[in-house]
Amino acid sequence: MLPAIIFVGVFIGIPIIYSGCLSFRDFNFMHMTDRFIGLRNYLLIIQDKQFWISLLQTGIYISIVAFVDFVYAFGAALLIYSLKSKFGKVLRGIIMLPMLLMPVSTAILWRVVIFNPPYQIFNRLFGISSTFSILADPLTALTGIMVTVIWAWAPWIFILLLAGLESLPPEPQEASKIDGANYLQRVWYIILPTLKPVIFVTLLLKCVDSFKSFTYPWIMTQGGPGGSSHLITTYIFHRAFRDLDYGYGSAMTMFSLIIPVFAVLLILIFKKESIVR
Amino acid sequence: MWVFFPFYFLVIISLNETRLPLGLEIPEKIGLIAYSNILFGKFTLWKPLFNSIITSGLATVGVIIIAVFCGYGISRLKSRITTTTQMSFFILRIVPPIVLTIPIYLLFINLKLWDTILGLVLVLIAINLPFAVLVMKAFYDSIPIAMEEAAWIDGASIPQTLIKIVAPLSVQGVIAVGLITFLQAYIEFLLPVVLAGKNTETLTLFIGQFQTLHETYIEEMAAASVIAIIPMVSLYIFAQKYMRRMLITGTH
């Protein structure tokens, strides 16, 4: 146990502390500055409109992706759980396919082939004129990313939910069948409540992972056009490694460290209470 | 349809020799030029592929060695320290990697670990460790302690019990954790972007570079992606048996 604590301490703990120190400094490679400026970075963040927009967009991104993922994955899992035949197994393999592709490949594929010219498969399928590109329009760029992420990561939720479904005891469902409950009633009154803990954990993990997501937004739009698709991760990356403003970037990472940890702890505390009651 | 479409385009484009943009139709000339470019020609895939597999492999071994002992310890010893450790690992699971990139980048440049396999492996271990420990802990929780107690009563020492009783039981959990760590490390993009240079270019970076070259080399990108799938498919097939169990233990 000790080696793990030491290891994690050295490679996660020290960087976080170092980052905390950096966040009080004006440490910028572009201007070649390195001096102590106290809380100024944090004050700048409060005034930084783009930061708050990115945060808001991250919130939208997380909730929509989690919701659509869940609906799609739960539907698919339920379908396969109810089929219980060879066809179901084949279908399961098919649904899991996107997990095989590297996120980098998926992102480039969707960006270049499906959304952007010259291929623009998406536009051709839905008969949209080729001058319009989803990723190049500030209003829809984030949507394009979300569609891709849903395609790529829904299978993950799908297996988690399917595993949960298959570990459910069959007796209550049999009993309800005998009592004459129809399929929808069975799903709503028996399966959903018994699956609740699995759903809760799955969605919580999904939200945490969505908060971390970087590959898709970065490759597909790099936050553009005009910062309209910046998530918090890409914005930090942009400021730190493009503008080389490490001090400011560190200050923002402190925010992005506190928010999810706080949120998750809050949810867990809230949940514990509801269990006690 | 929804699932297949992108795959269809990936394969079709990787085989397209005309280099003209396609619609829904099959290209006029089909061939393996893109693959040969990737494997033997202009862009060589071998070094990134090798780097990716080596770093992910080493990171996996490291994670397994540490997580097995740590998970076992947390599962079997009940004290305040272990519960605190468990809780802190849970919190660390939430920490976004972007938080670590800036300080680690600056530290590694000073320590001359930037652009080395060692540096990348160490960070990959650190990032994947919290989750692995939690899964291993859940796994050991599901094994009754009775067997170990029986061994102690029969006079086995603690190291003996570990080797003779616990190790064989852990195989499943180890495979599950190893698989997930390997995949996570294999598809990691952010860390290589920051921590890898010319020497340690990983497969994700290699494919990512087509982001800027896509207009001319989309076929090569598709071919490289198809090749990148191969290690993942082989792993999934190998681990199919263990997958389900891992996921169940992982969620509880």
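Here is the naming used below: chain letters follow the sequence lines, and residue numbers restart at 1 for every chain.
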Inter-residue atom distance Leu235(B).CG - Ile180(B).CD1, 0.5 Å rounding: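 The CG atom of Leu235(B) sits 12.0 Å away from the CD1 atom of Ile180(B).
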field: Atom pair CE/CD1 of Met136(B) and Ile64(B) - distance to nearest 0.5 Å
entry: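 Met136(B) atom CE to Ile64(B) atom CD1 measures 8.5 Å (nearest 0.5 Å).
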Check whether [X] gets within reach of chain A through its side chain, its backbone, both or neither, counting any heavy atom under 4.5 Å.
X: Tyr72(B); answer: neither
X: Leu205(B); answer: neither
X: Phe206(B); answer: neither
X: Leu92(B); answer: side chain
X: Val194(B); answer: side chain

With chain A, which of [options] has the greatest number of heavy-atom pairs at distances under 4.5 Å?
options: Val226(B), Ile65(B), Thr101(B), Ile187(B); result: Ile187(B)
options: Ile229(B), Ile91(B), Leu122(B); result: Leu122(B)
options: Val68(B), Leu190(B), Val233(B), Ile104(B); result: Leu190(B)

field: Test side chain to side chain contact (heavy atoms under 4.5 Å, CB included) applied to Lys206(A) and Trp153(A), step by step
entry: CA-CA 9 Å; Lys206(A) 176 69 204 172; Trp153(A) 281 120; 3.5 Å; yes
Closest-packed option against chain B by number of heavy-atom pairs under 4.5 Å, given Leu257(A), Thr233(A), Ile17(A):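 So the answer, after comparing Leu257(A), Thr233(A), Ile17(A), is Leu257(A).
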- request: Name the member of Ile94(A), Ile14(A), Asp209(A) that forms the most heavy-atom pairs with chain B at distances under 4.5 Å.
  value: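 Of the options given, most contacts go to Ile94(A).
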query: Centroid-to-centroid, Tyr246(A) to Phe241(A), below 6.0 Å?
result: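 Yes - the distance between ring centres of Tyr246(A) and Phe241(A) falls below the 6.0 Å cut-off.
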task: Under 4.5 Å heavy-atom distance to chain B, tell me which part of Phe237(A) shows up: side chain, backbone, both or neither.
output: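 Its backbone and side chain both get close to chain B.
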task: Could you look at Val208(A) and say if it's the side chain, the backbone, both or neither that has a heavy atom under 4.5 Å from chain B?
output: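 Side chain only.
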message: Do Met254(A) and Ser19(A) make a side-chain contact, defined as non-hydrogen atoms from C-beta onward lying under 4.5 Å apart?
response: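 A side-chain contact exists here, since the closest heavy-atom pair is under 4.5 Å.
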task: Check the angle between the aromatic planes of His238(A) and His230(A) and answer parallel, tilted or perpendicular using the 30° and 60° thresholds.
output: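 Rings of His238(A) and His230(A): perpendicular, over 60°.
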Minimum heavy-atom distance Val95(B)-Lys212(A), with the two atoms named: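 It is O-CE, 3.5 Å.
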task: Ignoring hydrogens and angles, state whether a donor on the side chain of Tyr18(A) or Ser250(A) is under 3.5 Å from an acceptor on the partner side chain.
output: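 No, Ser250(A) and Tyr18(A) have no side-chain donor paired with an acceptor closer than 3.5 Å.
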